[in-house]
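The next block holds one structure in the form of structure tokens; read it before the comments.
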Amino acid sequence: MSVDMRTFLAHVELANPVTTAAGCAGSGRELAQFFDLHRLGALVTRSITMAPRAGRPTPRMAETPSGMLNAVGLQGPGIDAFLERELPWLAQRGIRTVVSVGGGTVAEYSALARRLTDAPGVTAVEVNLACPNIEDRGRVFARDGGAAAEVIASVRSVMRYDVPVVAKLSPDVADVVAVARACVDAGADALSMINNPLGMSIDVDALRPTLAAGTGGLSGPAILPLAVRCVWQVHAAIPGVPIVGVGGVTSGHDALQLILAGACVVGVGTALFHDPYACLRIERELEELLQAKGFHRLADAVGLAHRPTARHLLVDSEESSL
Amino acid sequence: MSVDMRTFLAHVELANPVTTAAGCAGSGRELAQFFDLHRLGALVTRSITMAPRAGRPTPRMAETPSGMLNAVGLQGPGIDAFLERELPWLAQRGIRTVVSVGGGTVAEYSALARRLTDAPGVTAVEVNLACPNIEDRGRVFARDGGAAAEVIASVRSVMRYDVPVVAKLSPDVADVVAVARACVDAGADALSMINNPLGMSIDVDALRPTLAAGTGGLSGPAILPLAVRCVWQVHAAIPGVPIVGVGGVTSGHDALQLILAGACVVGVGTALFHDPYACLRIERELEELLQAKGFHRLADAVGLAHRPTARHLLVDSEESSL
Amino acid sequence: MQVTGTVLTTRRVDAYHALTVVAPGVAERFRPGHFVSVAVGGPRTSMVTRRALSIHDVKPDYGGTVELVFTAKGPGTSWLAERRARDTLDLVGPLGRPFPLPRDPASCVLVGAEYGAAALFPLADALMERGCRIDFALGAASADRVFGAMRARRMAETTTLTTEDGSLGLRGSVTDVLPSVIADTRADVIYACGPMETLRAVTAVAIEFDIPVQVAVEESMACGIGVCMTCVLPVIGDDGVTRMVRACVEGPVFRGERVRFEDVGTIPFDALGAPGGGARNVG
Amino acid sequence: MQVTGTVLTTRRVDAYHALTVVAPGVAERFRPGHFVSVAVGGPRTSMVTRRALSIHDVKPDYGGTVELVFTAKGPGTSWLAERRARDTLDLVGPLGRPFPLPRDPASCVLVGAEYGAAALFPLADALMERGCRIDFALGAASADRVFGAMRARRMAETTTLTTEDGSLGLRGSVTDVLPSVIADTRADVIYACGPMETLRAVTAVAIEFDIPVQVAVEESMACGIGVCMTCVLPVIGDDGVTRMVRACVEGPVFRGERVRFEDVGTIPFDALGAPGGGARNVG
Ligand SMILES: Cc1cc2nc3c(=O)[nH]c(=O)nc-3n(C[C@H](O)[C@H](O)[C@H](O)COP(=O)(O)OP(=O)(O)OC[C@H]3O[C@@H](n4cnc5c(N)ncnc54)[C@H](O)[C@@H]3O)c2cc1C
Ligand SMILES: Cc1cc2nc3c(=O)[nH]c(=O)nc-3n(C[C@H](O)[C@H](O)[C@H](O)COP(=O)(O)OP(=O)(O)OC[C@H]3O[C@@H](n4cnc5c(N)ncnc54)[C@H](O)[C@@H]3O)c2cc1C
Ligand SMILES: Cc1cc2nc3c(=O)[nH]c(=O)nc-3n(C[C@H](O)[C@H](O)[C@H](O)COP(=O)(O)O)c2cc1C
Ligand SMILES: Cc1cc2nc3c(=O)[nH]c(=O)nc-3n(C[C@H](O)[C@H](O)[C@H](O)COP(=O)(O)O)c2cc1C
Ligand code: FES
Ligand code: FES
């Protein structure tokens, strides 16, 4: 008997829980050469900005142990070209599309939302909060619950009521639950976590940072334990909110960790760079694992590791591990 | 020609920059079976607490991609037994010893400092700030600049003037520079970073967290990019302060990354679990690398990657990498 | 000590893999009950921790070899199972506290479950050298998982085999037959090696018969050399105080009645430094 | 497409390693200039990104093989250099925009520096099939790094070799000799493959002689399939606008005069979406 893999991102049903991660699937067309995009739970776009962006200088990439650093700098076509060329291509094919947006001010985010609200083919909007707030000396929105909430509230107020707004959070905070709560209170219908923690690599031959931008976002298997922890903490604190678990997923086993911790959707980023079919493989492996463990429905596994056991009483996610 | 590997931890000279990381070298005696501890830059003890501590239940360990999670829970003998049995053993042998301390209240940290201030054989005191503050609902000191500063000020005011106080910081904060600055302003003579970011792993067979404690500290190569980034940011912001770089170092190449980013001392933790001789090997590899690159003195490499170059002008560590 | 050994031979023994590795320094220092920790995954692997494996045998060939017997369970042991002759293997060992041997000749029952049996053979050799009587009780889930039955039969006065599925010997667990083995052999001491559940049950039987039992425990280990504190279990000391002691250096061999098997995976409230003392809320 | 190929043969060619891999699907679709991306490190490796390697040759044996020629530079290519016959290799390809071929027979100079030469041989075959005249100019730091000199001599009208140390052919770089090769052969078009510095210099010469030049560039690549945006360089479009385009899908082959070599590693101020536009301060 097969497993019912359907899941809900807020009130929107997805045929399966495996999506691409923002910024890791190009415009969609690149992956379409490898497989039928309808087989994705959803395609998440790169973060769209108002103006076209050339991004950061190269090198933009450095390999690290079980991970990589990237500093792409939101290179993209800008909202006009996106609405003209990229979104219609996806919409015409009926591909479930979560549009990610990025901005430098609250006004920019809400302007983006305004442009998207009537665009056909927007399954949900994911708000990339890992952008520097130019009105606060470049402090990243996601690192400050107040700033994050302001962005979410402005996007939520503008977006059509039936398009879920997903807040994408960063792990580089003292208290991810506090930021999550601020976003939910501001109207986020779901949370996505984690965006890349900030890392760095030094080129010891050139005696300078490997990336032209200096620092970069860390992704890949190395960060899976951080993603599992963030999902766990937020699901424990705000159990009703749908969570998109992202970070280091390369197998169905990894995806199941995030699901048991509380995610109902799983995003796959860096693994796509290694294996263009990663989403399909992970979805299949996940289904096989669930089946082997006797689950009939994916939904039954969501957050299951929180079920109280004798051992669970010892768990206190706020306390230090030391 | 050999490289002058001497370095300074504040005003204390170390024969070489490679030390053990807190909590990763037992009482010292275990490693002494493998090599002469005098060959270490310094031995850093586990974090000593007032009372003996049995620590957390098992499983305390989980392997993750290029890393591991631990939840030991500061198991240790308590300050009395430490001063009676562990420190004298090291002191009698003249082994440079940095004593790490951990507490649940500001008062507990200063009580520990008071016990250490007249103990012979204390090269420096490292203050493990990754402990939950029981007076602030278990919020970890290191996640809050104010609380961290209070601990450092109380330890500094009690410790002998000639024993450096090192503040050990966590990466799980929105702004590591702010916490670093608070500690330096409170009297920290040096900074050590990074302690383990908090992570988690789910046992998908048991359908519950792998660690009995739920969450645990992530260590090993996976976190090297986070350590390099923290060292870089803090050295850029507060260039004069000596930094102990810790996190994921397994080779001389890794150590050199931290040094070029601004560390003058390098701590080795998880690598010791794999290779008891790791500190010696890393020190040798580091010396060879420096020599191959034409350095005469380790000190000349410290922070060198910050040297302005055309490319450097593009680096803005506050800005997001995306 | 750490050595880079060369794999001499590899073979399958029913459900198990066996590797013989040239490692003179380790072989020389070996005493029964010792284990080694093996680096797995090769260069640039993502597996950062070593795998602990008991030493099944040492031989003088090529200056000294050690034999390891293991199940391919997860990624590390699966990698080990793919090693071929002439590959190199990075070992640290011998590690741990070995089995203590009786001063005078005694009647010894050696209880091994699953791969735990492998560690008992060098112990049997050492005991026989001291003139001890040896009897084996070996058990496993199924016939292909009973390790060393033939060799046991050759060495011991008696060998009793059990399998859960009845495919070899008596149906049931090794502890089911233990009372009668003890009675038949008039055992003075028991040595046991296997899963914790087996060790717990063996210890209960030994206590019932009031004879000493030495068990080799298994705990998840990150370092194997006593520095990481991840491998602890509650053990009662000579002073009657329970401490969380390290399986890798204070063990893996303990007197069974000293191990608080029921409390493994917890911090007993009366253990030294348990929460409830002054440091409860620290870290 | 992604295939798990089997290594057929491995060999050393002077300073280089060559691997022949059975990969029918890749071989079938191959056109000169294509590359593959190779997974390195094996199971549970810590190396998460693939390595991009040009296809040096395809043969019909075993349904189709591809040959890769590379230097063991870092950990990934060193791992590749240790592969043996019958090992499997995970390839994605063929990838990228191949070399465009002239419609009518033309006189073509093929310029290769270091391992870049490897990619020129299937191109030479294709050009010759179209009746083109072929001349090679191959250069490297030293004799052992000049790839394919013998084969070039057999195929081409003329072959000019250069080494920095003078150990083979003329002392100097391949671009030093290029003007005279162009003049001698009355070249209609240049193809070039090698380090960016060489491509820049070759392009400058081509512009001087006012003949078209096709260059295969190299940029650090995380995905090779156009989704990660890490491999970009500034290239001038047909509309005169500079864009940061992806070397992996819009390239690796570009018209040389369109590539802003001087600005590689920067975002030129006049590039589409460069800072200074409305989005300057975002992300
Ligand atoms: C003293 C001692 C002796 C042992 N002797 C043998 C032996 O002779 N033959 C044999 O087959 N097995 C033996 N084991 C168990 C063996 O260490 C584990 O099966 C092995 O580490 C699992 O590794 P893995 O990569 O297959 O699994 P994984 O689950 O991927 O291992 C992940 C991590 O957990 C640790 N781990 C997992 N299971 C165990 C375990 N049971 N004990 C300790 N650490 C564990 C691993 O070392 C690794 O760090 C022994 C264990 C100990 C402590
Ligand atoms: C289209 C293309 C074709 C190539 N063809 C060949 C070839 O035929 N033979 C050959 O020897 N080399 C070729 N290269 C270069 C080759 O990809 C690198 O030498 C190789 O990736 C280095 O890997 P490493 O593990 O040795 O080094 P590392 O420095 O450890 O690599 C780390 C990371 O950086 C990337 N990287 C490092 N250097 C380069 C580079 N020069 N180009 C692209 N990515 C890089 C790697 O892919 C990896 O992700 C080609 C590169 C490209 C882009
Ligand atoms: C090259 C690259 C580009 C990314 N671009 C974006 C982006 O545009 N918007 C965003 O919210 N996250 C972006 N991310 C973050 C990913 O969506 C994801 O959160 C993160 O990489 C962790 O998942 P992974 O380990 O599976 O890659 C990017 C990540 C990478 C590696
Ligand atoms: C098992 C274990 C125990 C640790 N105990 C302590 C401790 O007592 N005090 C402390 O400040 N840090 C402790 N740490 C953190 C390390 O000192 C170090 O900061 C961290 O592990 C990163 O370095 P690494 O990747 O080299 O291990 C511990 C780490 C591990 C893995
Ligand atoms: S395994 Fe590290 S102390 Fe025992
Ligand atoms: S390498 Fe990923 S887009 Fe080119």
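Protein chains get the first letters and strands the later ones, always in sequence-line order, with residue 1 at the start of each.
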Taking atom [atom1] of [X] as the centre, report whether more than 12 heavy atoms of other residues, nucleotides or ligands fall under 6.0 Å from it.
{"X": "A:Phe34", "atom1": "CZ", "answer": "yes"}
{"X": "D:Phe269", "atom1": "CZ", "answer": "no"}
{"X": "D:Arg31", "atom1": "CZ", "answer": "no"}
{"X": "A:Arg93", "atom1": "CZ", "answer": "yes"}
{"X": "D:Arg243", "atom1": "CZ", "answer": "yes"}
{"X": "D:Arg97", "atom1": "CZ", "answer": "yes"}

Could you tell me if the side chain of A:Leu31 sits less than 4.5 Å from the side chain of D:Val227, heavy atoms only?
yes
Is the shortest side-chain heavy-atom distance between A:Val72 and D:Thr230 below 4.5 Å?
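In contact.
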Structural part of [X] lying under 4.5 Å from a heavy atom of chain D:
{"X": "A:Thr64", "result": "backbone"}
{"X": "A:Arg29", "result": "neither"}
{"X": "A:Pro77", "result": "neither"}

Under 4.5 Å to a heavy atom of chain A? For D:Arg246 that would be side chain
So for D:Val232, is it side chain, backbone, both, or neither that comes closer than 4.5 Å to the heavy atoms of chain A?
both
Salt-bridge test for A:Glu63 and D:Arg51: reply yes if a basic N is under 4.0 Å from a carboxylate O, no otherwise.
yes
Considering non-hydrogen atoms only, spot the tightest contact between A:Tyr277 and D:Gln2 and give its length.
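Residues A:Tyr277 and D:Gln2, closest heavy atoms: CD1-OE1, 3.4 Å.
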Measure across A:Pro276 and D:Val92 and return the closest heavy-atom pair with its distance rounded to 0.1 Å.
CD-CG2, 4.2 Å
Under a 4.5 Å cutoff for heavy-atom pairs, which residue among D:Cys228, D:Pro234, D:Ala271, D:Ser220 has the most contacts with chain A?
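Winner by heavy-atom pair count: D:Cys228.
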What's the spacing between A:Leu74 CG and D:Met229 CE if we round to 0.5 Å?
10.5 Å
Options A:His274, A:Met61, A:Glu30, A:Gln33, ranked by heavy-atom pairs under 4.5 Å with chain D, top entry:
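Of the candidates given, the most pairs with chain D belong to A:His274.
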Determine the option with the most heavy-atom pairs under 4.5 angstrom with chain D, choosing from A:Gly23, A:Gly26, A:Ala54.
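Looking at each of A:Gly23, A:Gly26, A:Ala54 in turn, A:Ala54 comes out on top.
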Checking the side chain of A:Gln75 only, and the main-chain atoms of D:Met244 only, is there a donor and an acceptor separated by less than 3.5 Å?
yes
